[in-house]
There are 2 protein chains.
Amino acid sequence: MLQLRDLPNRETLEKFAARYPQADISAISAFLHLLRVATDLSVALDACLSRHGLLQGRWWVLILLMREDALQSTPSALAEKAGVTRATMTGLLDGLERDGLIARELDPQDRRSVSIRLTASGQQKLDEVMPDYYSRLRTCMAALDERDRQQLNDILNLINAGIRAFDQ
Amino acid sequence: MLQLRDLPNRETLEKFAARYPQADISAISAFLHLLRVATDLSVALDACLSRHGLLQGRWWVLILLMREDALQSTPSALAEKAGVTRATMTGLLDGLERDGLIARELDPQDRRSVSIRLTASGQQKLDEVMPDYYSRLRTCMAALDERDRQQLNDILNLINAGIRAFDQ
DNA sequence: AGATTATAGTTAGGTTGCTAATTAAGTCAA
DNA sequence: TTGACTTAATTAGCAACCTAACTATAATCT
């Protein structure tokens, strides 16, 4: 996401602002800081998951399946919810099937369709990963009290509404 | 980064929290919200850059070169600052050289070393992209006053300090 | 000097995302 | 009932990241 490690300091930002008067220095700083911390969180999460033989893409698939009452879904529905293309989902499911965490089953109703089921191994994997993830996340966020969390939430909503400035 | 589109609602979180008592629901919500907004920002930025024929990786290389007084650097230094491996930088530089935005020049001092220079085309590309980027970012963040920006900054620092909870 | 070690850059091969094209199956309207 | 459209999943090929291994050169240490 934001690979850049060498974030601009105030001096660099001012140098750029001198050439490009549209620059809003505190907006740029806030933006880069947000991307930097989010990226580091995501990388840390991946590192944590990879100790269990998973990565975010495949982990989310297992979670989405576990959310379903019947512990099953279809590649299309999973792709939609996971926010990846169906092509990407095919690849993720290939890996999960190879590891025995999910199973593909033909749908007798609609012969185009495949039913994806969380296997006992898959559930077991989640029962191993989720407590680790949840307790680390609890610790990570421990320094934020409820007011901080609410403020963060409000600010993120404001930024989110602004994202359409990048459209078109 | 966070591909997941179907974020868990309160009910789903509670269902998971019942099975995994380590779950801190407001921590999870804040975490996912942060990743969601940051990812959407990053995707929006990429979309904006791609209208100029760039993507984040290549764009940051141009910016890093522009920060240098002599408008030049080396692949190693750029890789370090951009937060990618030297192998990845080789690929990014290949693309930028192909498009004429940077030039590779041999260093007569150290024959292992290559000097990367921002070309006139590269500078021109930045002069076209940066005003667009800066004005969109200004608009995106316009709803946040200075107090919001400071609060965001403080909260991000707290989260950042907590990231080591995912280590080891 | 000669051997070892470190550094710069690239190449090779893997992963996970993408888009576009393809194959197969279901739907619907004239 | 057939032609056009839609939907499900996959395959193929591209981009940008990774690690590991390699080549060439420079620096360092007996």
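Order of the sequence lines sets the chain letters (A, B, ...), proteins ahead of strands, with each chain counted from 1. Basis for what follows: all heavy atoms, side chains included, without hydrogens, waters or symmetry-related copies.
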Checklist entry - Can you find a side chain N or O atom of B:Ser113 that sits less than 4.0 Å from OP1 or OP2 on C:dG9? => result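 The answer is yes; a side-chain N or O of B:Ser113 sits under 4.0 Å from OP1 or OP2.
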Whole-Å distance between [N] [atom2] and [X] [atom1]?
X        : N      : atom1 : atom2 : value
B:Asp46  : D:dA15 : CG    : P     : 15 Å
A:Leu106 : C:dA25 : CG    : C1'   : 13 Å
A:Leu93  : D:dT11 : CG    : P     : 12 Å
A:Arg98  : C:dT15 : CZ    : P     : 8 Å
A:Asp94  : D:dA9  : CG    : C1'   : 11 Å
A:Leu49  : C:dT15 : CG    : C1'   : 16 Å

With B for base contact, S for sugar-phosphate-only contact and - for none (protein heavy atoms under 4.0 Å), nucleotides 18-28 of chain D reads BBB---BBS--
task = Name all residues meeting the side chain to side chain contact (heavy atoms under 4.5 Å, CB included) criterion together with B:Asp69; count only those two or more places apart in sequence or in a different chain, and write none if there are none.
result =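 B:Asp69 satisfies side chain to side chain contact (heavy atoms under 4.5 Å, CB included) with A:Lys15 once adjacent residues are dropped.
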Check: Of all residues at least two apart in sequence or in a different chain, which pass the side chain to side chain contact (heavy atoms under 4.5 Å, CB included) check with A:Glu14?
Finding: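 Residues passing side chain to side chain contact (heavy atoms under 4.5 Å, CB included) with A:Glu14: A:Arg10, A:Ile25.
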Going by the rule side chain to side chain donor-acceptor pair (under 3.5 Å), which residues pair with [X] if we only count those two or more places apart in sequence or in a different chain?
X       : value
B:Thr74 : none
B:Arg86 : none
B:Ser26 : A:Glu146, A:Arg149

Does the side chain of A:Arg117 reach to within under 4.5 Å of the side chain of A:Leu65, using non-hydrogen atoms?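 In short, these two side chains do not touch, never coming nearer than 4.5 Å.
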| said: Can you list, in residue-number order, the parts of residues 50-82 of chain B that come under 4.0 Å of DNA chain C, counting heavy atoms only? | reply: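 Nucleic-acid contacts, sorted: B:Thr74, B:Pro75, B:Ser76.
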Q | Partner residues of A:Phe31 under the ring-ring contact (aromatic ring centres under 6.0 Å, His included) criterion, sequence neighbours left out | A |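 ring-ring contact (aromatic ring centres under 6.0 Å, His included) check on A:Phe31 returns nothing, list empty.
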ring-ring contact (aromatic ring centres under 6.0 Å, His included) partners of B:Trp59, counting only residues at least two apart
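Only B:Tyr133 meet the ring-ring contact (aromatic ring centres under 6.0 Å, His included) criterion with B:Trp59.
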Do the side chains of A:Arg51 and A:Asp46 get close enough for a salt bridge, i.e. N-O under 4.0 angstrom?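 Between A:Asp46 and A:Arg51 there is no salt bridge, as every charged N stays at least 4.0 Å from the carboxylate O atoms.
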For residues 152-166 of chain B, which residue pairs pass the salt bridge (Lys or Arg N to Asp or Glu O under 4.0 Å) check, not counting sequence neighbours?
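Passing the test, one end in residues 152-166 of chain B: no pairs.
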Practice item. Sequence neighbours left out, what passes salt bridge (charged side-chain N to carboxylate O under 4.0 Å, His left out) with A:Arg19? Give chain and number order. Key: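 Testing A:Arg19 for salt bridge (charged side-chain N to carboxylate O under 4.0 Å, His left out), a comparison that skips the adjacent residues, returns B:Asp127.
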**Asked** For the helix from C:dA1-D:dT30 to C:dA30-D:dT1, what is the angle between the axes at its two ends, each from 5 pairs, rounded to 10°?
**Response**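 Angle reported: 0°, given to the nearest ten degrees.
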